[in-house]
Amino acid sequence: MFRFLNLTLNGLTNGMIYAAVALALVMIWRATRIVNFAQGGMLMFTTFIAWDLAQVHHANYWVALVVAVVAGILIGGVAERVLVRPVENGPPLNAVIVTLGLLIFLQALAGMIWGNSQAHSYPPAFRFIGYKVGDRTLRFSPNDLFIVLSVLVVVIALYVLFQRTSLGLQMRATAFNPEVAGLLGVRVGRLLTLGWALAAGLGALVGVLVAGTSSGYVTPVGPFDALLIYGFTAAVIGGLDSPGGAVVGGVVLGLILSYADSYISNFIQTMYALVVLIAVLMIRPKGIFSRTSERRV
Amino acid sequence: MADELESPAGALIAPTSASSTDRFGVLSRSTLLRHTLAALVGFGVLWLLITSFSDYRNSSWIAPIAFTVCAAAGLTVLVGLSGQISLGHGAFMLVGAYTLALVQEHWTTSHGNLAMIGLLAAAAAGAALFGALVGVAAARLRGPYLAGATLALALGLPTLPSYEKLSGKLGGNAGLFVSSPNPPNGMDLYRWQSVICCASAVVVLWVLANVSRSRVGRSFRAVRDDEIAASLCGLSVPRVQVLAFVLSAAGAGVAGGLLAMIDLTAGPQAFPLSLSFGLLAAVVFGGLGSLAGAIYGSILITLLPLWSQDITDALSVHSHKVSSNMPLMVYGIVLTVAMLAVPNGIQGLLRSLRLTLAPGRRR
Amino acid sequence: MLTVEDVVTTYGAVRALDGVSMTVEPSTITAVLGANGAGKTTLLRTVNGLVRPRAGRISYEGRDLLRTHVDEVVRMGIAHVPEGRGVITELTVDENLRLGALWRRNRTELQQSLAEMYELFPPLAERRNKPADTLSGGERQMLAIARALMSRPRLLLLDEPSLGLAPRITAQIMGTLRRLRDEQSLTVVLVEQNARSALSVSDQAIVLNLGRVVVSGPAVELAADEKLRHAYLGF
Ligand SMILES: Nc1ncnc2c1ncn2[C@@H]1O[C@H](COP(=O)(O)OP(=O)(O)OP(=O)(O)O)[C@@H](O)[C@H]1O
Ligand SMILES: [Mg+2]
């Protein structure tokens, strides 16, 4: 029972991380109908920047975090302007390949700057050691609480932005119908850039959070590729189109992976994600939570 | 062998330009014959090339190029002709490699060359079977969904040999042992491996070139261009899409088998995500859907790691970090720039060049 | 108020507008008539800045519109009701209306305009928090017009408001336009297939054919000219 509780808590923490990655993917998907396969690479790169500051230059944790998020915002905005804009209205295949190209480029660049051979550890924001219940230690630490709360705060902030502000309304209008939005005086291009920038900023936050977990570390390839797949799976569970669905999808996936990890085997995590992904896509190719049935091209 | 990305309408127009190729008589009329002749000539040239090197070290790049061609040719048929994407073609190579290793371990006793052909056929069949499985799922997926799923596949599958229940059979992280082929008298192993790889590549290209010129190839293009129109023409869209996956996976399976035969192991480390990315870079660089392009692309991605040390040295950046990441960097740039600047790749560039040089044939 | 001079707009090889000129006086309704493909929609899109013309001049209250970005055009008081599916179906009625008044910062004014629109189009008030894809075709058209009016425009560009609507609703919309012209001195450019009902509310009219103006003049004269009606207007 205690083990089950621990697995649930652990799944919840990881689930919040997947939820945040999924949310970043959903924001970009809604804005530009593109799955940002570079998401993992972008957040890897910003996490490396933060790592460099925190570990090499001994900067404060929070300074490094803020720098990473700002860097993410910049990378996201520039990527949309320079790379994505030209393929936004082209065949979907071109957009997939361009984002993949960016992912590979960032991985190579990080490797050139920081090297591939070492897995760098990243300092946590708070203690790793779990809370105590009686004489037993939970697999839930102050650092985990920090992760859960950070993602929650961001999710709520994004909800308020999208549902309660004029800017958010404009972003949604742009996502659903750029032509009409433009006609009403919405600066469509700017909002697309902003959407990518915000999503990448969120990704950058996730990167630092993940790197600071007890099992986290920073390398150019590896953990962040898997994170992209988990985020994508979570987003697909939620229907790719629904921010709420992405959060639920993230938590569901976090729990599934946590249980499977412990009860089946912990060597094949990415396989579980693949199985979940395929299962969801086969049952409902548009995701569990998606409302729209038609395909928009 | 260069197969253009032509629309079904293009195929109908083609006979009008027959007059210019009439002097080749029967050759221009029978594609099969032409492809066969090209394959024989190609193999002959490669044979001469392989045997003319005095030292095998000078020709060590031939075999990797040849097996990369097998995988890239399959991928270009899938992406360029049938319009489906796979970001994880390395997974099919992995299946091919393990199939070869397992079949060799359990069923073969002789190390003869006939057995070698059988093993490669098994690798192709194993990957094709797996391709059918993936294809059935893929036929229900579109664009980014399919891209994400194949990416997950390429990331997930190499972890499978480490799974406790399978690691006994699949050799865990170290992989399975593969015994080397027996070279005929008077030939060293490396040369013999090159010959096998080149022969396989020629066979794969020959098959794919004929398929893509046949009715099957036309049905691929029809489905790619417009699924609804294709299904109204009586094509079963899912069946066509699965078939494309099967063919493409078979090519990758042969490539994986050859890789295992050269490495003498079939192990998960030989199939990282960057392998799949490299294959995609190769076919995009060469021009999607073009078999000739798959050849240029394979040459590029195989030689790149060999050159990158020289390039970094020439730039006088003596850093292992830089040189070891150079190929990956080039893949990334090739993919992005190709999509932004030359969406049709090298083959497309050559074709438009040819059209401007011979304006009479412009459509 | 609005002057269009010798405008040429092309889509590739197609010359959708081939030297169109027209003048629109303040607080009048100008009908733009013509067959399918005559270039009516293109004319509105060119005025609005959604497509840039090859040649010609467009000015609005003395300002050059050709150098103005679309959002600036909206801010200058020009609203556009696009042809067909102009509402964003995924958003609610209320959100669609709010999008019409993006550049207005004053909250009380915004609330006031919303209230006015719900008064003007009562069916919208009942569905204010429903997604717009639950609306009927006529209600969508009302929503599109209401949304354009939310920006308190001085010039309204309407592209086939009667498309797919019952004659009674069309008449209602035409009546509303007339009222807005008289009460709020709104200027309207009204693109229509339904020439008869358009001419009945318009002051001026032009007829386009293959991208050129073939006839222009007071609406009553056009309506009275039987030969013209037969040749271009089909009634
Ligand atoms: N986006 C476009 N690309 C290419 N050609 C276009 C485009 N839009 C319109 N055209 C062409 O321009 C010409 C004028 O089109 P326009 O839409 O302005 O006609 P219209 O008068 O509004 O017709 P309708 O009454 O059918 O709405 C037509 O020949 C049309 O085919
Ligand atoms: Mg029109």
Side-chain angles (χ1 to χ4, degrees), chain A residues 29 33-35 37 41 82-83 86-87 90-117 220-221 225-226 228-230 232-233 235-236 240 264-265 267-275 277-278 281-282 285-287 295 297, chain B residues 79 83-85 87 134 136-137 140-149 151-153 155-167 172-173 272-274 277-278 280-281 284 288 317 319-341 343:
Chain A
W29 172 257
R33 297 282 133 183
I34 287 172
V35 170
F37 286 105
V82 178
L83 301 178
V87 293
L93 196 67
N94 293 15
V96 167
I97 292 176
V98 165
T99 55
L100 190 73
L102 178 60
L103 167 71
I104 298 170
F105 177 82
L106 287 172
Q107 288 183 341
L109 192 62
M112 286 183 177
I113 301 173
W114 292 290
N116 301 61
S117 46
V221 284
D225 292 334
L228 171 71
I229 293 302
Y230 300 150
F232 178 72
T233 306
V236 168
L240 263 190
I264 306 176
S265 158
F267 283 110
I268 46 172
Q269 282 180 352
T270 35
M271 278 309 277
Y272 306 136
L274 177 67
V275 169
L277 180 64
I278 298 293
L281 286 173
M282 288 303 105
K286 305 264 89 181
R295 188 160 96 232
V297 186
Chain B
V79 183
Q84 304 180 89
I85 194 160
L87 302 188
V134 174
V136 168
R140 297 191 54 188
L141 304 180
R142 294 295 171 269
Y145 291 95
L146 180 56
L151 187 62
L153 182 68
L155 203 61
L157 208 59
T159 64
L160 212 53
S162 307
Y163 177 39
E164 291 91 336
K165 298 233 172 77
L166 292 175
S167 61
N173 217 18
L273 215 44
S274 56
F277 293 166
L280 196 66
V284 168
L288 286 174
V317 193
S319 156
H320 179 66
K321 287 182 198 168
V322 173
S323 65
S324 64
N325 281 292
M326 186 67 89
L328 205 58
M329 173 78 85
V330 174
Y331 299 165
I333 294 175
V334 160
L335 287 176
T336 324
V337 171
M339 279 300 122
L340 299 183

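Contact count against chain A (heavy-atom pairs under 4.5 Å) is highest for B:Asn325 among B:Asn325, B:Leu335, B:Ile333. If you tally non-hydrogen atom pairs under 4.5 Å between each of A:Val87, A:Leu100, A:Val35, A:Thr99 and chain B, the highest count goes to A:Leu100. Most heavy-atom pairs under 4.5 Å with chain B, from the set A:Gly115, A:Pro86, A:Pro220: that is A:Gly115.
Among all heavy-atom pairs drawn from B:Leu87 and B:Ile85, the shortest one is CD2-CD1, 3.8 Å. Counting all heavy atoms, side chain and backbone alike, B:Leu166 lies closest to B:Leu160 at CD1-CG, 3.8 Å.
Contacts of A:Leu103 with chain B are made by side-chain atoms alone, with heavy-atom separations under 4.5 Å and no backbone atom involved. Contact of A:Val96 with chain B is made through the side chain alone, with heavy-atom distances under 4.5 Å. Within the 4.5 angstrom heavy-atom criterion, only backbone atoms of A:Trp114 (N, CA, C, O) approach chain B. A:Ile278 touches chain B through its side chain: at least one heavy atom from C-beta onward sits under 4.5 Å away, while N, CA, C and O do not. In this structure, the portion of A:Ile229 lying under 4.5 Å from any heavy atom of chain B is its side chain and not its backbone. Heavy atoms closer than 4.5 Å to chain A are found in the side chain of B:Leu280, but not in its backbone. Both the backbone and the side chain of A:Leu109 come within contact range of chain B, with heavy atoms under 4.5 Å apart. If you measure heavy-atom distances from A:Leu228 to chain B, the contacts under 4.5 Å come from the side chain alone. Contact annotation for A:Asn116: only side-chain heavy atoms (C-beta onward) come within less than 4.5 Å of a heavy atom of chain B. There is no contact between B:Leu146 and chain A, counting heavy-atom distances below 4.5 Å. Proximity to chain B (any heavy atom under 4.5 Å) is shown, for A:Ala95, by neither the backbone nor the side chain.
In this structure, the side chains of A:Gln269 and B:Thr159 stay at 4.5 Å or more apart for every pair of heavy atoms. Side-chain contact between B:Leu141 and A:Met282: present, with at least one pair of heavy atoms (C-beta onward) separated by less than 4.5 Å.
Rounding to the nearest 0.5 angstrom, the gap separating the CE atom in A:Met271 from the CG atom in B:Leu155 is 10.5 Å. Considering OG of B:Ser324 and CE of A:Met112, their distance stands at 8.0 Å, rounded to 0.5 Å. The CD1 atom of A:Ile268 sits 5.0 Å away from the OH atom of B:Tyr163 when rounded to the nearest 0.5 Å. Distance check, rounded to the nearest 0.5 Å: CG of B:Leu273 to CG of B:Leu328 gives 9.5 Å.
Between B:Tyr145 and A:Trp29, the ring planes lie perpendicular to each other; the angle is over 60°, past the 30° to 60° tilted range.
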